[in-house]
Amino acid sequence: MYLGYSLHENEWDASGQRVKKNHPNSTRLNNLILKKKAELSDTLIDLQTQNTDISLNSIRKKIKPKGENSFFTQAGQFIENMRKEGKYNRVKTDETRINHFRDFLDGADITFPEIDVPLLNRFRAYLKGTRRVGERTIINHLIVIRTVYNQAIAGNIVDQKHYPFGKGKIPIKFPESLKIGLVPKEVKELEQLDLSDNTYYNHARNIWLTSFYFAGMRISDVLRLKWSDFHDNRVHYTMGKNLKTGSLKTPDKIVTILAQYKNEPQKHDLIFPELKVLDDLNDGYNVQRKISYAVKRLNTALAEVAGRAKISKPLTLHIARHTFGNISGDKIPLQMLQKLYRHSSITTTIGYQSNFINKTADDALDAVLEMD
């Protein structure tokens with residue numbers, strides 16, 4: 001069991017199993033060793049009291065081996081598990097957040113019980129003052145620490161009593177974010193814009209419109225669409241985020257878009273070209289990596305398209321989803337929107353759609369201002 005200290009060989013009494021007096025902190029270190037031995041002895045007695053048949057593995061599980069109580073050891077395992085599951089985007093972002101925590105600690109390791117409320121409040125101040133990040137980014141950093149901490153609790157690596165999150169401790173609550181979508185006039189301008197001089201700008205617009213026409217389909221699902229997903233005038237697909245399956249009517253506008261890709265080189269039965277460069281679509285990590293690169297390039301093109309269409313709002317692939325929410329407003333029942341968005345909970349749909357329902361508030365404002 002590593003206690004976090006190291007000695008020169010001439011400072012250690014091997015036969016007496018103690019620190020020699022020539023070490024400046026010999027008394028305190030020897031007391032620490034005795035204290036840890038007493039704790040381990042108590043643990044063994046507890047195990048014997050609870051169960052007469054004690055295996056070596058059960059002792060090892062109770063008495064943590066070197067490094068297990070280290071936050072960064074567990075964080076490394078957390079990242080590696082996501083890498084094996086093919087979660088490229090989360091590996092990339094969460095690894096950066098863990099490194100920010102390490103930088104805050106000046107590169108030092110830390111045990112789970114040491115991650116307490118005062119330390120996390122200092123980390124929050126560091127992120128805001130030194131890293132100059134917003135509240136939403138700060139919360140995302142804390143969520144990573146909380147997730148690793150929860151996994152350590154589940155693995156009996158740290159006691160629940162040390163948990164620094166929750167009521168009266170460190171709260172995890174996202175601030176409300178502003179969601180802005182295009183209005184029908186802007187969508188029409190985008191549809192009618194002449195992009196015959198630039199095939200990639202036209203392709204980026206096609207991807208955006210496909211997402212919008214399919215009720216704000218996520219870009220990762222758009223780029224995975226295959227020709228075999230379309231039959232009986234419907235698209236049948238499984239959402240990558242939550243594995244929910246379903247189908248949607250194929251609008252005529254989609255048919256027009258798909259016709260532009262009929263004569264493109266075929267691979268993996270994919271419609272759009274972004275993932276055709278991959279040999280294995282089952283390699284989740286590389287698929288997500290390629291999608292991430294594609295999104296950056298497509299969003300750069302869409303910024304140029306917005307300028308040509310004289311659209312002042314940000315035009316990104318994610319805005320296609322917001323645009324569908326904005327135009328649908330309160331015209332579509334929430335239960336139907338839940339189905340279209342493929343949300344697992346109606347509460348998620350209510351929270352999302354509340355960003356775009358303004359009629360009641362607008363009517364109330366007019367009632368006050370129209371005083372004639």
Side-chain angles (χ1 to χ4, degrees), residues 1-51 54-80 97-127 129-131 141-142 144-166 168-170:
M1 174 181 268
Y2 180 55
L3 299 183
Y5 299 91
S6 58
L7 309 170
H8 294 293
E9 191 173 356
N10 65 355
E11 295 171 333
W12 178 247
D13 177 3
S15 60
Q17 293 291 289
R18 57 187 289 111
V19 181
K20 290 181 179 179
K21 291 182 179 179
N22 63 343
H23 189 283
N25 287 318
S26 61
T27 301
R28 296 177 67 187
L29 288 174
N30 284 325
N31 287 338
L32 174 64
I33 292 169
L34 290 173
K35 180 174 180 286
K36 289 297 179 183
K37 283 184 174 181
E39 289 175 0
L40 296 177
S41 179
D42 289 344
T43 300
L44 288 171
I45 292 172
D46 289 342
L47 284 171
Q48 289 175 317
T49 302
Q50 295 166 12
N51 191 344
I54 308 171
S55 69
L56 183 58
N57 282 337
S58 66
I59 294 174
R60 282 176 175 160
K61 188 173 181 181
K62 195 73 175 177
I63 301 172
K64 308 299 182 297
K66 175 181 176 179
E68 255 197 23
N69 201 27
S70 151
F71 171 82
F72 291 111
T73 297
Q74 294 304 317
Q77 188 61 58
F78 165 68
I79 293 294
E80 184 58 28
R97 291 162 185 162
I98 289 168
N99 286 335
H100 287 168
F101 189 44
R102 195 192 303 271
D103 292 342
F104 161 71
L105 296 169
D106 294 324
D109 205 344
I110 191 169
T111 63
F112 284 98
E114 292 175 299
I115 302 175
D116 55 17
V117 172
L119 182 131
L120 290 176
N121 279 330
R122 291 198 302 275
F123 181 49
R124 180 193 286 272
Y126 162 82
L127 290 172
T130 304
R131 290 282 174 183
H141 279 72
L142 295 175
V144 174
I145 297 173
R146 184 183 67 176
T147 301
V148 175
Y149 211 116
N150 285 335
Q151 291 188 2
I153 291 174
N156 292 320
I157 291 166
V158 61
D159 196 295
Q160 176 75 39
K161 68 182 181 182
H162 299 298
Y163 195 58
F165 300 97
K169 296 183 179 181
I170 297 293

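On a predicted model such as this, the values are computed, not experimentally measured, just so you know.
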Can you name the residues that form a side chain to side chain contact (heavy atoms under 4.5 Å, CB included) with Gln17, not counting sequence neighbours? Trp12, Lys37
Name all residues meeting the ring-ring contact (aromatic ring centres under 6.0 Å, His included) criterion together with His23; count only those two or more places apart in sequence or in a different chain, and write none if there are none. none
Quick one: ring-ring contact (aromatic ring centres under 6.0 Å, His included) partners of Tyr163, sequence neighbours excluded? Tyr149, Phe165
List in chain and number order the residues that pass salt bridge (charged side-chain N to carboxylate O under 4.0 Å, His left out) with Glu39, two or more places apart in sequence or in another chain; answer none if no residue qualifies. Lys35, Lys36
I'd like to check the salt bridge (charged side-chain N to carboxylate O under 4.0 Å, His left out) partners of Asp116; sequence neighbours left out, ordered by chain and number. none
If a pair satisfies salt bridge (Lys or Arg N to Asp or Glu O under 4.0 Å) and one of its residues is in residues 12-29, list it, with sequence neighbours excluded. none
Can any side-chain N or O of Asp159 pair as donor or acceptor with the backbone N or O of Lys161 at less than 3.5 Å? yes
Distance check, rounded to the nearest 0.5 Å: Asn150 atom CG versus Gln74 atom CD? 12.5 Å
With sequence neighbours left out, the residues meeting salt bridge (charged side-chain N to carboxylate O under 4.0 Å, His left out) with Arg124 are Glu135
Can you measure from CG (Leu142) to CG (Leu120) and round to the nearest 0.5 angstrom? 6.5 Å
Are Val19 and Ile33 packed together at the side-chain level, in the sense that at least one heavy-atom pair is separated by less than 4.5 angstrom? yes
Calculate, to the nearest 0.5 Å, the distance between atoms CD1 and NE2 belonging to Ile153 and His162 respectively. 9.5 Å
To check you understand the geometry: which heavy-atom pair defines the closest contact between Leu127 and Arg131, and what is its length? O-CB, 3.1 Å
What is the ring orientation for Phe101 with Phe72, classed by angle as parallel under 30°, tilted 30 to 60°, or perpendicular over 60°? tilted
Kindly write out the residues that satisfy salt bridge (charged side-chain N to carboxylate O under 4.0 Å, His left out) with Arg102, not counting sequence neighbours, or none if the list is empty. none
Sequence-distant partners of Asp42, side chain to side chain contact (heavy atoms under 4.5 Å, CB included), two or more places apart: none
Let's go through Leu119 and Leu105 carefully: what are the C-alpha distance in whole Å and the side-chain angles of both, what is the deciding distance for side-chain contact (heavy atoms from CB on, under 4.5 Å) to 0.1 Å, and is it a yes or a no? CA-CA 10 Å; Leu119 182 131; Leu105 296 169; 4.1 Å; yes
Side chain to side chain donor-acceptor pair (under 3.5 Å) involving Gln77 - partner list, sequence neighbours excluded: Asn81
Output, in order, the C-alpha distance, side-chain angles, deciding distance and verdict of side-chain contact (heavy atoms from CB on, under 4.5 Å) for Val148 and Phe112. CA-CA 10 Å; Val148 175; Phe112 284 98; 4.1 Å; yes
For Tyr126, check ring-ring contact (aromatic ring centres under 6.0 Å, His included) against everything at least two apart and list the hits. Phe104
Interatomic distance, Ile79 atom CD1 to Ile98 atom CD1 [nearest 0.5 angstrom]: 4.0 Å
Rounded to the nearest 0.5 Å, what's the gap from OG1 on Thr130 to CG on Asp103? Could you check? 10.5 Å
Value rounded to 0.5 Å, distance of CD1 in Ile45 from CG in Leu40: 11.0 Å
Test of understanding: with side chain to side chain donor-acceptor pair (under 3.5 Å), list the residues that count as partners of Asp109, not counting sequence neighbours. Ser70
Taking the side chain as every heavy atom from C-beta outward, state whether Ile115 and Phe123 have any atom pair closer than 4.5 Å. no
